[in-house]
**Q** 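Below you'll find the structure I mean.
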Amino acid sequence: MKKSSILFSIMSIVGAAIMCVGLLTDIDYYSVFLSSLGCAIIVSNLVQLVRNLYWQSPKHKAEYEARAQEALIDLVDERNQSLRSKAGHITYQIMFFVLLELAVILSLLRVEPWVIGMIFLLFIFQWVVGIVVYRVLQKKM
């Protein structure tokens, strides 16, 4: 049995178990949440299975191999690596200021303090993770 089919089976069983727990519980919010989560896991597994069957069929094998080769070239191309790095850096900077501005806007709207605290903690977390990742990459290169 292939590794992907074992993983598909395990995730389907987990999804079915979560859905059953949600259906058997009487707590309004959590029963709907668990049922929806289990259903979402099962549907995403089915979509992935259909996708795998589509690309593994002999009719689409040549197109799949061409796409895989192109993806491999894009992965190791230095220009694309530089572009991905720059895109990540710009996204990091944008999110840094978005989180800070969101905390200020929510405080002006008098949202509950724990919500503002969570946004501010995400801001601090992103800042710390950025520094740690930078230092790790600096030591590697």
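All values below were derived from every heavy atom in this structure, side-chain atoms included, with hydrogens, water molecules and symmetry-related copies excluded.
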**Q** I need the minimum non-hydrogen distance between Asp26 and Leu24, along with the two atoms involved.
**A**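 Closest approach of Asp26 to Leu24, heavy atoms only: OD1-O, 3.7 Å.
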
**Q** Under 4.5 Å between side-chain heavy atoms, counting indirect links through other Ile/Leu/Val/Met/Phe/Trp/Tyr residues: same cluster for Phe123 and Met118 or not?
**A**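 Both belong to a single hydrophobic cluster.
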
**Q** Closest approach of Ile41 and Met11, non-hydrogen atoms and distance?
**A**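 Distance-wise, the nearest heavy atoms are CG2-O, 3.4 Å.
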
**Q** Who else is in the cluster with Leu108 when I, L, V, M, F, W and Y are joined by side-chain contacts under 4.5 Å?
**A**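 Other cluster members: Val104.
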
**Q** Looking only at non-hydrogen atoms, find the nearest pair between Ile116 and Val111 and report the distance.
**A**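 Result for this residue pair: CD1-O, 3.5 Å.
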
**Q** I need the minimum non-hydrogen distance between Leu34 and Val21, along with the two atoms involved.
**A**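 Residues Leu34 and Val21, closest heavy atoms: CD1-CG1, 3.8 Å.
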
**Q** Could you state the interatomic distance from CG (Leu7) to OG (Ser12), rounded to the nearest 0.5 Å?
**A**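 Answer for the CG-OG pair, Leu7 versus Ser12, is 9.0 Å.
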
**Q** Are Phe120 and Val129 connected in a single hydrophobic cluster, I mean Ile/Leu/Val/Met/Phe/Trp/Tyr linked by side-chain heavy atoms less than 4.5 Å apart?
**A**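 Not linked; separate clusters.
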
**Q** Short question: side chain of Ser82, backbone of Glu78 - any donor-acceptor pair under 3.5 Å?
**A**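 Not at all, since once roles are kept as given, no pair shorter than 3.5 Å links the two residues.
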
**Q** Can you measure from CD1 (Ile94) to CG (Leu99) and round to the nearest 0.5 angstrom?
**A**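 Interatomic distance, Ile94 CD1 to Leu99 CG, rounded to 0.5 Å: 12.0 Å.
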
**Q** Can Leu72 be reached from Tyr64 by stepping across I, L, V, M, F, W or Y side chains whose heavy atoms are under 4.5 Å apart?
**A**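 Different hydrophobic clusters.
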
**Q** I need the full list of side-chain hydrogen bond (donor to acceptor under 3.5 Å, both in side chains) pairs touching residues 95-116, with sequence neighbours left out, sorted by first then second residue.
**A**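 Counting only pairs at least two positions apart or across chains, the side-chain hydrogen bond (donor to acceptor under 3.5 Å, both in side chains) contacts touching residues 95-116 are Glu112-Trp114.
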
**Q** Tell me every residue that passes salt bridge (Lys or Arg N to Asp or Glu O under 4.0 Å) with Glu63, counting only those two or more places apart in sequence or in another chain.
**A**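 By the salt bridge (Lys or Arg N to Asp or Glu O under 4.0 Å) rule, Glu63 matches Arg67.
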
**Q** When Ile, Leu, Val, Met, Phe, Trp and Tyr are grouped by side-chain heavy atoms lying under 4.5 Å apart, directly or through other members, which residues fall in the same group as Ile42?
**A**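 Via sub-4.5 Å side-chain contacts, Ile42 links to Phe8, Met19, Leu23, Leu46, Leu49, Leu53.
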
**Q** Do Leu122 and Ile105 sit in the same hydrophobic cluster, where Ile, Leu, Val, Met, Phe, Trp and Tyr count as joined when their side-chain heavy atoms come under 4.5 Å apart?
**A**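 Yes.
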
**Q** Looking only at heavy atoms, what is the nearest atom pair of Leu102 and Ile119, with distance?
**A**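 That closest heavy-atom pairing would be CD2-CD1, 3.8 Å.
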
**Q** Which pairs, with at least one residue in residues 120-135 and sequence neighbours excluded, count as a side-chain hydrogen bond (donor to acceptor under 3.5 Å, both in side chains)?
**A**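 Checked against side-chain hydrogen bond (donor to acceptor under 3.5 Å, both in side chains) - neighbours excluded - no pair reaches residues 120-135.
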
**Q** If you look at every heavy atom in Ser35 and Gly22, which pair is closest and at what distance?
**A**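 Shortest heavy-atom contact: OG-C, 3.3 Å.
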
**Q** In this structure, would Val47 and Ile13 fall into the same cluster of hydrophobic residues linked by side-chain contacts under 4.5 Å?
**A**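 Val47 does not cluster with Ile13.
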
**Q** What pairs meet the ring pair (Phe, Tyr, Trp, His ring centres under 6.0 Å) rule with one or both residues in residues 13-54, with sequence neighbours excluded?
**A**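 Of all non-adjacent pairs touching residues 13-54, those that pass ring pair (Phe, Tyr, Trp, His ring centres under 6.0 Å) are Tyr54-His60.
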
